[in-house]
Amino acid sequence: FAGSRTPANYRFRVVAVSPEDAAEKAAEMLKDGELRSELETSGLLSATLPSCRESGQEYDCETRLTYRR
């Protein structure tokens, strides 16, 4: 099973007031489709909760996507 999965990282920016707010907004963006149109969803098995770091007034967020080969 492990050999049948391909991981990928996806980075994006979020405007938020705290790291927790950024992670929540990022998760909503992935779930509700704002970012889904930018992602390849064919064969997508899972995505991790986004982790976010402050970058000025925005947050740089990253999620790890796992695809079926």
Side-chain angles (χ1 to χ4, degrees):
F1 177 72
S4 66
R5 301 183 302 163
T6 304
N9 290 337
Y10 181 70
R11 293 181 181 97
F12 53 99
R13 288 194 162 216
V14 174
V15 176
V17 295
S18 70
E20 295 81 13
D21 183 43
E24 185 177 315
K25 285 182 177 181
E28 288 176 17
M29 291 169 71
L30 286 168
K31 180 179 124 184
D32 293 337
E34 284 183 58
L35 293 176
R36 286 206 104 152
S37 62
E38 295 179 21
L39 299 174
E40 173 56 51
T41 57
S42 176
L44 181 63
L45 296 173
S46 67
T48 61
L49 287 175
S51 60
C52 301
R53 290 187 207 166
E54 189 172 2
S55 177
Q57 293 180 332
E58 297 180 320
Y59 285 80
D60 291 326
C61 299
E62 182 176 15
T63 186
R64 187 167 182 88
L65 307 172
T66 304
Y67 291 92
R68 183 177 356 185
R69 283 188 190 181

Drop me the distance from Arg64's CZ to Ser46's OG, to the nearest 0.5 angstrom. 9.5 Å

Rounded distance (nearest 0.5 Å) linking atom CZ of Arg13 with atom SG of Cys61: 9.5 Å

About how many Å separate CG of Leu45 and CG of Leu65, when rounded to the nearest 0.5 Å? 10.5 Å

Compare every heavy atom of Ala16 with every heavy atom of Lys25, then report the nearest pair and how far apart it is. NZ-CA, 4.1 Å

Taking atom CG of Leu49 as the centre, does the number of heavy atoms from other residues, nucleotides or ligands within less than 6.0 Å exceed 12? no

If every non-hydrogen atom of Ala23 is compared with every non-hydrogen atom of Pro50, which pair is closest and at what distance? CB-O, 3.8 Å

Verify same cluster id: Tyr59, Met29 (apolar side-chain graph, 4.5 Å): no

Say whether, by atom type as modelled, one donor and one acceptor occur between the side chain of Thr48 and the main chain of Thr63 under 3.5 angstrom. no

